[in-house]
Amino acid sequence: MSHSKKSGPVRVSRRTFLSGTALSALGAAGLPLLTKGALAQTPADEILSGCHWGVFRARTEDGRAVEFTPWEEDPWPSPQLPGVLDSIYSPSRIKYPMVRRAWLENGPGADVAGRGTGDFVRVTWNEALELVARELVRVREETGPTSIYGGSYGWKSPGRFHNCQTLLRRLLKLNGGFTSSSGDYSTGAAQVILPYVVGSIEVYEQCTTWPNVAENTELMVFWGANPVNNSQISWQVADHGFAKMEAFRDAGGEVICIDPVRTETCDYFDGEWLAPRPQTDVAMMLGIAHTLYTEGLHDQEFLDRYTAGFDRFLPYLTGESDGVPKTAEWASAICGVPTETIEDLARRFASKRTMLALGYSTQRQHHGEQIHWMLITLASMLGQIGLPGGGYGLSYHYSSGGAPTHNSPTLPAITDTPGQPPAGGAAWLSAEGNATIPVSRFVETLLNPGKVIDFNGTKITLPEIKLAYWVGGNPFSHHQNRNEMVRAWQKLDTFIVHDFQWTATARHADIVLPATTSYERNDIEQVGDYALSHIVPMKKIIDPVFEARSDFDIFTGIAEQLGLGYEYTEGRTEMDWIRGFYEAAKLESRAKGMEMPIFDVFWDSNKPLAFPVTDEEQNFVRHASFRDDPLLNALGTASGKIEIYSTNIEKFGYDDCPPHPTWMEPIERLGGPTTTYPLHIASNHPIARLHSQLCGTELRESYAIAGREPCWMNPQDAAARGLVDGDLVRAFNDRGQILAGVMITDVIRPGVIRINEGGWYDPADPREAGSLCRYGDVNTLTVGISTSKLAQGNCGQTAMVEVEKFVGTPPEVDVFSALDG
Ligand SMILES: Nc1nc2c(c(=O)[nH]1)N[C@H]1C(S)=C(S)[C@@H](COP(=O)(O)OP(=O)(O)OC[C@H]3O[C@@H](n4cnc5c(=O)[nH]c(N)nc54)[C@H](O)[C@@H]3O)O[C@H]1N2
Ligand SMILES: Nc1nc2c(c(=O)[nH]1)N[C@H]1C(S)=C(S)[C@@H](COP(=O)(O)OP(=O)(O)OC[C@H]3O[C@@H](n4cnc5c(=O)[nH]c(N)nc54)[C@H](O)[C@@H]3O)O[C@H]1N2
Ligand SMILES: [Mo]
């Protein structure tokens, strides 16, 4: 699947491309040439590049990058950009190849409990490459290729060539294979269940566009969705197309935000804030659905024509099947939102053109499969799916979903199979290895080799892993239940990491190889995951810092040690690959009736190349074609309709994923029947970081409290604990303990605290189980269980804790120092 996080679907429409503003002259063969006007201006002394945070220009002085300025056409630049520059030179930068002393002296598997203690030895690049090559061969020969884990997950930098994860798999394939991963941490539950419901993974599909919303939506509901914060970045180079929301705001559109936090999005629209207890949204939606049904506000015609199985869901909704009518009153007791408010929501949703925008956090929870299913059921009852400005949207908060898709060619990318033609998009969800595990189950795999687990109707035997190779990800940030993970990691003989920052993951490695940032190499990428508005040259800004090498050069060096150097590179250089991708896009573009300039002109222009957008795409409405003709444009589900009851899921017989959307108690929650700890942690995506990225930079000074990760707390909860603003606190539960700095605020619901994901894990004593994390890695406290047998997704948003004032001498934070001098 080439969606890969995620080029939105490129829906080609030739009819109106000529009206695009970027077209200005005629090129060869009489085709409109995209150069003039399509290439925005960049001053001659500045170098253009792009990153997750957007397109930018860099100024250098004496070979050093000194300033990154957002591209002048960026409608809403990210304030994180200065941190991106700082990540090149920050004290956390990795400078040299390093090997853990015990591993170097006593071999693979030596003193595994000593990982993370920081005792590294500097080696030369030749020594390092030889050590890695020898170890890859040893493990493959002794225990087979599946004992090498190459499922390396994470937010590597964009770029069609320097895709370090594809490059890793390319090497591991040449070495005979590896164990891979499927799915991701973002939408682990939703992306597995939604194909049964609407016939596609849906969470990464284009939404009804913002211009269409601005014109047609009367009531916009952001349900656990915070685009004003989360659209700062994209998986590709950010377009910040969420700026188009401004039109909706200016039109005075009505907004409701349903979220334990009054978000930046709520403030931006001056919206109405409703704060249910976290993890109870399915119950709240059921209460709304029950009201719709009993008051006859549901659209029976829509349900009959476009959905299957409402009749089998109905007895559950009315309580006929289990004796519990899912009334607003019932829902209120669970979610904490007043009965009248729930009833009122049903009436308002039904009486207006309503768009329900759902985020991802609500499915990153125990039984997270249920919420997207229930939201689509609710939207089906409202009957507005496929109408302008109505229905639901699942990516409005992600990579600027809703920004109209431009008419651009596919830009190919390096593949993990040498000799294969370049593919469009990266292989993210495809199961490419000799064995594949659901991505969130790596710790479970380490702890239980040979165990058979359920997954989406299949059985998977967990392989025995001896070597893990991680590039472009930070598992010691992104995975849950850190202490369980640290214990599991001890099963590994060898852990190899490339990064440019001394993250907790690099600190726990046996072999650490210094990678270049994107700003020290050349690449090419598209702008916007959904917009696909430009192709941008990602130009090298400076020479590699210290001894850093690109991931490609590192893997080439290892392949050479294996005698496979030519097979790895196919005899092509960085610029050969980039030029090849561009040429392929140019050919496709010609077939679409547009002429891109020749590569050298594009590259030397130092400017992004713009593509036009059609009126049709400006006004795209999700599922409009299905609504127009549900037979011709049937969904990819068993029935071709929206499935409110799934006979396929019924066949699996899972006790934790019933065949219709169902309220299921999570293992722990605020107000839960068996829950002992009093505070829920919202481990949201950070405002001033991309996950853990940039935590090692100067940006930290702008948000750290008492030198630690902030912990937002309602005044009521703070008073009950005798806490004041700025206090150093210990947050703890049976799984672990962390330090944090308190920020008292009424933008968070009582009973809920917010500690963002991505704070660097800094155990006071890495050898001690359950050691105090001194900086504030929230995943020290979260649960490591999976969402259900169906999706096996992660549950990062499931965690209950207690918080108390820290007494005694505060330990110093150590995680931001370099371990190589
Ligand atoms: N509790 C909780 N946990 C969560 C979440 C949550 O909401 N709550 N969210 C989850 C989600 S949605 C996600 S996506 C994950 C994110 O988890 P990750 O994607 O693992 O987090 P990042 O901090 O982006 O880590 C990327 C790492 O790659 C490195 N890197 C970047 N470019 C390159 C490159 O070109 N080469 C090499 N070698 N390295 C590079 C960066 O320096 C950084 O260390 O976290 C998940 N974990
Ligand atoms: N600035 C920034 N932007 C990012 C990222 C980043 O790290 N930094 N990461 C990117 C990535 S990889 C992803 S996957 C997306 C993540 O997208 P999401 O997972 O949607 O983002 P979150 O910030 O975790 O959560 C969104 C909102 O859901 C609310 N919420 C949490 N739990 C519940 C609940 O139980 N019920 C309700 N109703 N609301 C709840 C939170 O308070 C928050 O306001 O963001 C992307 N954008
Ligand atoms: Mo994500």
Side-chain angles (χ1 to χ4, degrees), residues 5 51-53 78 80 87 94 152-159 162-165 167-168 184-188 222-227 229-235 257-266 274-281 284 335 358-365 371 397-399 440 470-480 497-501 503-506 513-518 521 550-551 554 669 680-696 748-749 752 754-758 777-779 781-782 794-799:
K5 286 209 135 180
C51 58
H52 286 306
W53 296 266
S78 168
Q80 295 181 31
S87 70
I94 304 176
S152 177
Y153 171 81
W155 271 64
K156 55 132 197 109
S157 303
H162 291 285
N163 178 336
C164 53
Q165 286 155 357
L167 292 170
L168 167 65
D184 59 40
Y185 276 71
S186 313
T187 63
F222 291 102
W223 204 312
N226 185 11
N229 172 33
N230 291 357
S231 309
Q232 287 182 65
I233 54 83
S234 290
W235 175 247
C257 295
I258 304 177
D259 197 301
V261 176
R262 196 176 81 216
T263 58
E264 296 78 20
T265 304
C266 195
L274 297 174
R277 294 193 181 106
Q279 308 192 87
T280 65
D281 304 84
M284 183 166 162
C335 71
L358 182 60
Y360 299 156
S361 66
T362 51
Q363 55 84 62
R364 211 176 288 119
Q365 306 179 343
I371 182 142
H397 63 291
Y398 179 77
S399 295
S440 90
W470 227 286
V471 291
N474 189 358
F476 279 77
S477 170
H478 71 227
H479 190 69
Q480 287 65 49
V497 173
H498 306 181
D499 207 308
F500 44 84
Q501 291 275 305
T503 62
T505 295
L513 303 180
T516 51
T517 62
S518 297
R521 59 200 191 202
S550 75
D551 298 286
I554 299 172
R669 73 163 169 93
H680 171 95
I681 317 177
S683 57
N684 296 353
H685 287 237
I687 299 161
R689 279 199 304 258
L690 172 55
H691 314 298
S692 75
Q693 293 187 58
L694 313 184
C695 192
I748 192 159
R749 187 195 192 288
V752 181
R754 173 180 180 175
I755 303 176
N756 294 325
E757 55 105 10
D777 163 26
V778 75
N779 275 324
L781 304 168
T782 53
N794 78 88
C795 300
Q797 285 280 9
T798 299

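For clarity, every value in this text was computed on a predicted model and none was experimentally measured. Ligands are counted one by one from 1 in listed order, and the atoms in each one are counted from 1 as well.
Checking only distances, Asp259 does come within under 3.5 Å of ligand 2, N or O to N or O. Here's the thing with Ser186: none of its N/O atoms is less than 3.5 angstrom from an N/O atom of ligand 2. For a threshold of 3.5 Å applied to N or O pairs, the pair formed by His685 and ligand 1 contains at least one separation below that value. Distances between N or O atoms of His478 and those of ligand 1 include at least one value under 3.5 Å. Between Thr503 and ligand 1, a contact under 3.5 Å exists for no N or O pair. Between Thr280 and ligand 2, no pair of N/O atoms sits closer than 3.5 Å. The distance criterion of under 3.5 Å between nitrogen or oxygen atoms is not met by Thr362 with respect to ligand 2. Remark: ligand 2 and His691 share an N or O pair separated by less than 3.5 Å (distance only, no angle test). Of the polar atoms of Val261, none of the N or O atoms is found under 3.5 Å from an N or O of ligand 2, judged by distance alone. Residue-to-ligand polar distances place Asp551 within reach of ligand 1: an N/O pair is separated by less than 3.5 Å. Considering both main-chain and side-chain atoms, Val778 never comes within under 3.5 Å of ligand 1 through any nitrogen or oxygen pair. By the 3.5 Å distance cut-off applied to N or O atoms, Thr516 is not counted among the residues near ligand 1. For ligand 2, none of its N or O atoms has an N or O atom of Pro278 under 3.5 Å away. Geometrically, ligand 1 and Lys156 share no nitrogen or oxygen pair separated by less than 3.5 Å. In terms of polar-atom proximity, defined here as any N/O pair under 3.5 Å, Arg689 does make such a contact with ligand 2. Where the criterion is an N or O separation shorter than 3.5 Å, residue side chain and backbone included, Thr782 fails it with respect to ligand 1.
A side-chain donor-acceptor contact under 3.5 Å links Asn779 to the backbone of Ser477. Remark: side-chain polar atoms of Gln165 are paired, donor with acceptor, to backbone N or O of Val471 under 3.5 angstrom. Counting only distance, with no hydrogens or angles, the side chain of Asp184 and the backbone of Thr187 share a donor-acceptor pair below 3.5 Å. Side-chain atoms of Glu757 never come within 3.5 Å of backbone atoms of His685 as a donor-acceptor pair (strictly under, hydrogens ignored). At least one donor-acceptor pair closer than 3.5 Å links the side chain of Arg364 to the backbone N or O of Ser186.
For Ser157, heavy-atom contacts with ligand 1 shorter than 4.0 Å involve the backbone as well as the side chain. Residue-level proximity to ligand 1 for Asn474 is carried by backbone and side chain together, each with a heavy atom below 4.0 angstrom. The proximity of Asp281 to ligand 2, defined as any non-hydrogen pair under 4.0 Å, is limited to the side chain. Using a 4.0 Å cut-off between heavy atoms, Ala515 contacts ligand 1 through its side chain alone, with no backbone atom that close.
For atom 10 (C) of ligand 2, the choice among Asn230, Ile233, Ile681 with the nearest heavy atom turns out to be Ile233. Residue nearest to atom 27 (C) of ligand 1, selected from Gly154, Gly473, Ala799: Gly473 (by heavy-atom distance). In the candidate list Tyr185, Tyr398, Trp155, Tyr185 is nearest to atom 11 (C) of ligand 1, counting heavy atoms. In the candidate list Gln693, Gln480, Gln797, Gln501, Gln480 is nearest to atom 3 (N) of ligand 1, counting heavy atoms.
Using cut-offs of 30° and 60° for the angle between ring planes, the His478 and Tyr185 rings count as tilted. A tilted orientation is assigned to the rings of His52 and Trp155, their planes being inclined by 30° to 60°.
Residue-ligand proximity: Arg521 is placed with a non-hydrogen atom under 4.0 Å from ligand 1. Residue-ligand proximity: Arg277 is placed with every non-hydrogen atom at 4.0 Å or more from ligand 2. Not a single heavy atom of Ser477 sits less than 4.0 Å from an atom of ligand 1. In this structure, Arg754 falls outside the shell of residues with a heavy atom less than 4.0 angstrom from ligand 2. Ligand 1 lies nowhere less than 4.0 angstrom from a heavy atom belonging to Tyr360. Within the 4.0 Å heavy-atom cutoff, Gln80 counts among the residues contacting ligand 2. Ligand 2 does not have Ala682 within reach: every non-hydrogen atom of the residue lies 4.0 Å or more from it.
With sequence neighbours excluded, the residues satisfying ring pair (Phe, Tyr, Trp, His ring centres under 6.0 Å) with His498 are Tyr469, Phe555.
Using a 3.5 Å distance cut-off with no hydrogens or angles, the side chains of Arg521 and Ser550 do not pair a donor with an acceptor.
Of all atoms in ligand 1, numbered sequentially from 1 with element shown, those under 4.0 Å from a heavy atom of Ser683 are 1 (N), 2 (C), 6 (C), 7 (O), 8 (N). If you number the atoms of ligand 1 from 1 as listed, the ones under 4.0 Å from a heavy atom of His498 come out as 37 (C), 38 (N), 39 (N). Listed by atom number, the atoms of ligand 2 under 4.0 Å from Gly359 heavy atoms are 20 (O). Of all atoms in ligand 2, listed by their number and element, those nearer than 4.0 Å to a heavy atom of Thr263 are 44 (O).
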Legend entry - Worked check of side-chain hydrogen bond (donor to acceptor under 3.5 Å, both in side chains) between Thr362 and Asp281: CA-CA 8 Å; Thr362 51; Asp281 304 84; 5.9 Å; no

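Less than 6.0 angstrom separates the ring centroid of His397 from the ring centroid of Tyr360.
Across all their heavy atoms, Phe476 and Thr505 have their closest contact at N-OG1, 2.9 Å.
Of the candidates Gln363, His680, Gln480, Gln279, His680 is the only one forming a side chain to side chain contact (heavy atoms under 4.5 Å, CB included) with Gln797.
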